[in-house]
Amino acid sequence: MNEREKRAISLKRAQELKDSIKDYSIKKSSIKTGLTNLDMIEENKRRIIKVFNVSEEEWNDWKWQLSNRITDVDKLSKILNLSKEEINQIEMIGKKFRWAISPYYASLMDPDDSSCPIRRQAVPSIEEMVETGEADPMAEEFTSPVEGITRRYPDRLIVKVTNQCAMYCRHCQRRRCIGQKDLGLPMDVLKKCVEYIRNEEDIRDVLITGGDALLISHKTLEWLLSELYEIPHVEIIRIGTRTPVTMPQRITKELCELLSKYPPIYLNTHFNHPMEITREAKKAADMLCSAGVVLGNQAVLLRGINDNVHVMKKLNQELLKIRIRPYYIFHPKEVIGTGHFKVKVQKGMEIMENLRGFTSGLAIPTYIINAPKGKGKTPILPNYILVWEEDKIKLRNWEGEVFYYPN
Ligand code: SF4
């Protein structure tokens, strides 16, 4: 075969590849992100700033954002166009399930569209009243060897340092922990957690989470990081926080200076939709990366928010652009009051099928079902092995082509 013939084959193949993502190429520009829908966000921000009568400086201060979370329907109705029915429903649901929205996160919402994916994650919905699911499907209470710690795996564990979050997400798996009060773990309990970790030499990976790990005070966080850092068998520290999404103002210079002192720190956050990727979120990610923090994302597959192959692909690609590596897509858990977000596992599989091969491997997280009763993360993968034989395996590739491979 001469060079010309080889080039002709290559060009034909390039066209086939291009055609294979044609539907996404057409759709992707219509999927709004927080970086392309700037006009709406700016307009919303101006309106909210007026409602609160605050300065830009206050708006950019995470403590202001936190202490001014929107928790009453009167204020919310000055920010979003709510019908009388919605107002009544929010009031009713608020008596059963707590809600709070940072003014920043409210600025990402479409004020006129109740199906806006940002709004659905934050504003209570009447569907929460449907009594399905359990309060604690992960049976976390049975995997807590000491108060504040959950240990489900041999070499790692989580410390839940607070029940507080910048926003109370409507799909939260730990909504049972969100009492009417925001509570940090008392210092004596935190000391016992550190003591437990110190005595357990198999623990090489500690995840600080909550609630939201970054809602404890600077002083407490510094104390905890320095204590863990001194334990020889703790090799890595992880932080679980949604603040880069719901309150990116929390990522301050002081916080980054603190985190940079205790490498390696892996910070996993929770973006669910491309609209959450804003200038502020990008700035927060840039600051964390510059501090040497390694960033990952744990999305939750949610009906009406990201249960769409194109939206999920766009989310993962946009995350990579701001240096956040897609890590997991969690199938939603059977948590009471969150049944309206449930999707079928087939939908998750369809999304995974449409990622592998069709976009960079870096943009492909692992799809996980959390086995009930705390039995652990179970990866769910499309099946690429069709038949096992003694000396060979029958496989299929991302395009569905079948081939044999020697075993
Ligand atoms: S930030 Fe995380 S822990 Fe807090 S309410 Fe949202 S999902 Fe739950």
Side-chain angles (χ1 to χ4, degrees), residues 62 65-66 69-71 93-94 96-106 108-109 117-125 128 133-138 140-141 144 148-150 158-185 207-216 238-251 267-273 275-276 280-281 284 295-306 315 324 327-342 368 370 377:
W62 72 273
Q65 287 281 340
L66 188 64
R69 289 176 303 177
I70 303 154
T71 55
I93 297 147
K96 187 165 181 191
F97 296 116
R98 190 179 180 196
W99 65 279
I101 306 167
S102 68
Y104 164 80
Y105 199 74
L108 313 186
M109 296 175 189
I118 305 304
R119 206 159 140 166
R120 291 202 57 216
Q121 290 182 68
V123 178
S125 146
E128 293 177 39
E134 297 170 52
D136 179 20
M138 304 284 288
E140 286 192 332
E141 272 144 32
S144 179
I149 282 183
T150 300
I158 65 180
V159 188
K160 289 187 279 181
V161 289
T162 178
N163 72 345
Q164 193 177 12
C165 298
M167 177 181 99
Y168 294 116
C169 313
R170 307 326 294 160
H171 55 275
C172 180
Q173 60 158 331
R174 297 211 177 106
R175 51 174 29 194
R176 71 179 191 287
C177 304
I178 300 160
Q180 288 312 307
K181 264 202 166 153
D182 292 325
L183 294 169
L185 214 55
L207 166 60
I208 306 170
T209 185
D212 194 307
L214 292 187
L215 289 198
I216 56 174
R238 287 193 275 170
I239 290 177
T241 174
R242 207 181 181 202
T243 56
V245 184
T246 55
M247 194 175 67
Q249 295 79 3
R250 174 65 184 100
I251 312 305
L267 183 148
N268 280 317
T269 187
H270 176 174
F271 286 85
N272 284 331
H273 191 277
M275 263 303 291
E276 293 168 337
E280 290 84 349
L295 303 177
N297 189 60
Q298 307 187 158
V300 183
L301 180 60
L302 299 168
R303 179 142 66 94
I305 290 167
N306 56 20
L315 170 67
I324 301 179
Y327 176 38
Y328 286 139
I329 296 177
F330 286 119
H331 195 77
K333 301 177 185 89
E334 301 280 334
V335 179
I336 205 157
T338 67
H340 54 298
F341 289 116
K342 264 166 60 176
I368 293 285
N370 266 293
K377 293 188 181 69

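Indexing begins at 1, ligand by ligand and atom by atom, following the structure's order. Position 1 is the first residue of the sequence, and the numbers go up from there. Predicted model only: the values in this text are computed from it and were never measured.
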Going by salt bridge (Lys or Arg N to Asp or Glu O under 4.0 Å), Glu128 matches just one of Arg120, Arg175, Arg98, Lys96. Which one?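 Passing option: Arg175.
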Considering non-hydrogen atoms of the protein only, which is the closest contact for atom 2 (Fe) of ligand 1, and what is the distance? His270 ND1, 4.5 Å
For Asp212 and Thr241, test the side chains for any donor-to-acceptor distance below 3.5 angstrom and give the result as yes or no.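 A donor-acceptor contact under 3.5 Å links the two side chains.
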Which atom names give the shortest non-hydrogen contact between Ile239 and Ala213, and what distance separates them?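 Closest approach of Ile239 to Ala213, heavy atoms only: CG2-CB, 3.9 Å.
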Minimum heavy-atom separation for Thr209 to Gly240, with atom names?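 The pair with the smallest heavy-atom distance is OG1-O, 3.9 Å.
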Just to verify, what does Lys333 make a salt bridge (Lys or Arg N to Asp or Glu O under 4.0 Å) with, not counting sequence neighbours?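 With neighbours one apart ignored, the set is empty.
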Just one of Gln65, Met247, Arg242, Arg119 clears the side chain to side chain contact (heavy atoms under 4.5 Å, CB included) bar with Tyr105, so which one?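 Checked Gln65, Met247, Arg242, Arg119 against Tyr105; only one passes side chain to side chain contact (heavy atoms under 4.5 Å, CB included): Arg242.
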Strictly under 2.8 Å of atom 4 (Fe) of ligand 1: which protein N/O/S atoms qualify?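 For atom 4 (Fe) of ligand 1, the protein N, O and S atoms that sit under 2.8 Å away are Cys165 SG.
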